[in-house]
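To start, the structure itself, in C-alpha cells.
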Amino acid sequence: MAYWLVKSEPSSYAWERLVKDGHAHWDGVRNHQAAANLKAMKVGDRAFFYHSNEGLAVVGIAEIAKTAYPDPSDKTGKFVMVDLKPVTALKQPVTLADIKAEPKLKDIALIRQSRLSVMPIEPAAWKLICKMGATKPD
DNA sequence: GCCAACGTTGGC
DNA sequence: GCCAACGTTGGC
C-alpha cells in the first residue's frame with residue numbers, strides 16, 4: 001500500500017464535506033506532476049487530506065476508491081481524476097506549523113514543493129504524522 | 001492583501 | 001529553443 005497527501009481548499013471542498021458525501025471525485029488537477037501521482041494511485045492506498053489556505057493542517061485520512069480515469073472537466077483530455085472516500089478524521093489535526101517544527105519532516109514534499117497538490121508520503125513520515133495526530137496509521 | 005515559487009504562454 | 005511576461009497557488 002502506498003501513501004499520499006492531497007490538498008484541498010476548504011472553501012472549495014472541505015474534509016467535512018467528504019465525510020458527509022461518503023466519497024468524492026478528485027478532479028480539477030492541472031499539473032503534470034500531480035497528475036502523474038494520481039495515475040500511480042491504487043485502490044486501497046491511503047491519503048492524508050490537507051486543508052490549504054484555511055486551516056493549514058492535515059485533518060483526515062482518505063482511501064483511494066477508484067484509480068485514475070479521464071477528468072471530464074478537462075477539455076484537452078490529458079488530465080485524470082480519482083475517487084476518494086473518507087477513512088477517519090485525525091483525532092488532532094496536524095498543522096503545517098507542527099510539520100515544519102518536526103526536523104524529521106523538513107524534507108517532505110509538502111514543504112519542499114509548496115504548490116504541488118498531490119504528492120507521495122514516505123511510510124515513515126506517514127506513521128509519524130499519524131502519531132502527531134493521535135491516530136492509528138491504519 | 002502581498003509576495004514568493006513556479007508553471008505556462010508567446011514573441012523572437 | 002530561449003526568456004520575459006503573465007497567471008495561479010498557497011503561506012504569511
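In what follows, every chain begins at residue 1, and chains take the letters A, B, ... in the order their sequences are listed.
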Any idea which heavy atoms bring A/L18 and A/A62 closest together, and the distance?
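Closest approach of A/L18 to A/A62: CD2-CB, 4.2 Å.
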
Polar pairs (N or O, both sides) under 3.5 Å between protein and nucleotides 6-8 of chain B?
from, atom 1, to, atom 2, distance (Å)
B/dC6, O4', A/R115, NH1, 3.1
B/dC6, O2, A/R115, NH1, 2.4

Are A/L90 and A/V59 co-members of a hydrophobic cluster defined by side-chain heavy atoms under 4.5 Å apart?
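Each belongs to a different hydrophobic cluster.
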
Can you tell me the distance, in whole Å, between the [atom1] atom of [X] and the [atom2] atom of [N]?
X: A/K100; N: C/dG10; atom1: NZ; atom2: C1'; result: 10 Å
X: A/L116; N: B/dA5; atom1: CG; atom2: C1'; result: 12 Å
X: A/I111; N: B/dA5; atom1: CD1; atom2: P; result: 15 Å
X: A/L110; N: C/dT9; atom1: CG; atom2: C1'; result: 13 Å

Between the protein and nucleotides 2-4 of chain C, list every N/O to N/O distance that falls short of 3.5 Å.
none

Aromatic plane relationship, A/F79 with A/H32 - under 30° parallel, 30 to 60° tilted, over 60° perpendicular:
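Plane angle between 30° and 60°, so tilted.
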
Classify the ring geometry between A/F49 and A/Y13 as parallel (under 30°), tilted (30 to 60°) or perpendicular (over 60°).
tilted

Ion pair A/K78/A/D71, N-O distance below 4.0 Å:
no

Supply the atom-to-atom distance A/Q113 CD to A/I108 CD1, rounded to the nearest 0.5 angstrom.
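The distance works out to 11.5 Å.
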
Phosphate contact (C/dG10 OP1 or OP2) by A/K7 side-chain N/O below 4.0 Å:
yes

Does a nitrogen or oxygen in the side chain of A/Y50 sit under 4.0 Å from OP1 or OP2 of C/dG11?
yes

State which residues pass side-chain contact (heavy atoms from CB on, under 4.5 Å) with A/R115; sequence neighbours excluded, sorted by chain then number.
none

Is it the case that more than 12 heavy atoms not belonging to A/E16 sit under 6.0 Å from its CD atom?
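Result for CD/A/E16: enclosed.
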
